[in-house]
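To start, the structure under review is shown below, and the notes come after it.
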Amino acid sequence: MQQHPATIHNPVLRGFNPDPSILRVGDDYYIATSTFEWFPGVQIHHSRDLQNWRLLTRVLDRPSQLDMVGNPDSGGIWAPCLTFADGLFHLIYTDVKYWKREPYKIAYNYMVTAAQITGPWSDPVFLNSSGFDPSLFHDDDGRKWLLNMVWDHRKRNNRFAGILLQEYCMESRSLVGPIKNIFTGTDRALVEGPHLYKRNGWYYLLTAEGGTEYQHAATLARSRTIDGPYELLPGKHLLSSWGHPKLELQKAGHGSLVETQHGEWYLAHLCGRPIDGKHCTLGRETALQKCVWGDDDWLRLEQGGMLPALEVSAPRGLDPVPFELPDWNGRFDTQKLDIHFQSLRRPITEDWLSLGERPGFLRLQGGEPTVSTFRQSLIARRVQAFDIRAETSVDFQPQSFQQMAGLIAYYDTENHYYLRLSHDEHLGRTLNIIATDSAESRELLENDLPVPATGEIGMRLTLKGAHLQFEYALPNDEWLVIGPELNGAILSDDHSHLGFTGAFVGLCCQDLTGRRLHADFSHFVYSELPSSGPRASAKGAVEGEQCQSALSVGENCFP
Ligand code: 6LW
């Protein structure tokens, strides 16, 4: 018999998995996380013990549910809310069409439902667009309530103007009755991410505050009536890492609660692990904290205080249930893409990606350049460890400098590194690295590197903390370094602008002539290297010199 491990090791969902919405149905636990511009939308992980998690499914997988062509970077799916009632899973989410510039946001809130977590999920019901982070609360009298933050474009200092509450009618599939602002938050400000719970005659409102960076927090308030007034937890915040730069889990906040079969409570929450005190290449991740109810009917972290713990007591009475995870060898000799791959903004369809046209190869038809927010031919997977390697081999016969294919380390359209094979009028087939940093793109090698006119070219990249290096291999030859060591910290939420995703590695193909020339890839192997951890990569973090060791823009990251 297996020994009961006593701890949950955080983060439980490593790499870009923010805004967790946790749910238990019977003996099954689910966490839904935001996916932004990556398609399909809304990632769902599954567990039976809160310790072992597996990526189970993604919900919004057809254009009638989600069409993100043209959506901005870090737009798309923000903060889903997953609940279960009346035999149905309900998933509420925002599709953000515009967000970066003041003063407006364009954010549409929708609901989809399904009898099974793996679908099929319904087409969306439009809810409202008054603000983002919608969630649904099923009261014990059968009524349903929608909450969302309200965005006030008028006010310079408090655009996050509070949490709206309105009743949702299942029969008419629409919002009904008065709209009330039930909570305007604390002095941490920027209130968002509401979730409502009921226990012992109290309504508990859990919100996120402080913005989704280092000042982030989860705030708890309660009321005897659903529409308030809400009184604050003594100490205001259930969770925050702010002011404690030595903590491994930074940015702790935006969360949701679950009660186990045996009456224990856990908070699933957002966190970030900077590689150098500032930059989170793994994006915002999901961790769990155990919580306990006091005699005063307030919920607090089991460890006391509001700081997130790296190791947390596992639930009582739940035997560990590890999953047999499918082990893909990286070769494209299957008919189905590995679940970890996602595309940008549009679904994967045969008109740009095929596993069947050339058996044993993934074929990509050349699409738009890597800066496009429309139709890129790009598939990639999350980076989920600090030190990783990604390797491929590409068979590609470009006839024009406008045709390119290769291996990409991608944050968004403004920040990525791309080792591409292309064509030069004088040199024939050539390699170069295109660095796009803060929306400026340039070729890193002064002169393109010529390679033989035919044959597959091996490409790989190694990312260790903030150090990124590309290599290439000619047919039947060894790996050779290409280009300088690059600053991997640009592939983070914290580089040139606030971003919400995380680093990806993947394959892509462009044909700017419009002729849609294809490239064939024989494999894509992603591996996590040993000794991978922020402490290994960022000496400053161990010594608590996080801000000082940050690259260039460290100011204001800690109090
Ligand atoms: C999300 C908001 C937040 O909608 O960041 O961390 C936004 N919290 O609640 C994007 O994830």
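We count ligands from 1, going down the list as the structure has it; atoms in each ligand are counted the same way. Computed from a prediction, not measured in an experiment: that's the story for all the values here.
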**Prompt:** Just wondering, do Tyr93 and Asp19 contact through their side chains at under 4.5 Å, heavy atoms?
**Reply:** no
**Item:** Any side-chain donor near an acceptor of the partner, His138 and Lys144, under 3.5 Å
**Value:** yes
**Item:** Residues in the immediate environment of ligand 1 (any heavy atom closer than 4.0 angstrom)
**Value:** Asp19, Phe36, Trp78, Ala79, Phe132, Asp133, Glu192, Thr212, His216, His254, Leu270, Arg284, Phe500
**Asked** Checking ring pair (Phe, Tyr, Trp, His ring centres under 6.0 Å) against Phe500, which of Trp38, Trp99, Tyr411, Phe132 comes through?
**Response** Trp99
**Prompt:** Can we say Glu259 and Arg199 salt-bridge, meaning some charged N sits less than 4.0 Å from an Asp/Glu carboxylate O?
**Reply:** no
**Prompt:** Under the side chain to side chain donor-acceptor pair (under 3.5 Å) test, which residues partner Gln376, sequence neighbours left out?
**Reply:** none
**Asked** Do Ser64 and Asp123 meet the criterion of a side-chain donor-acceptor pair at a distance under 3.5 Å?
**Response** yes
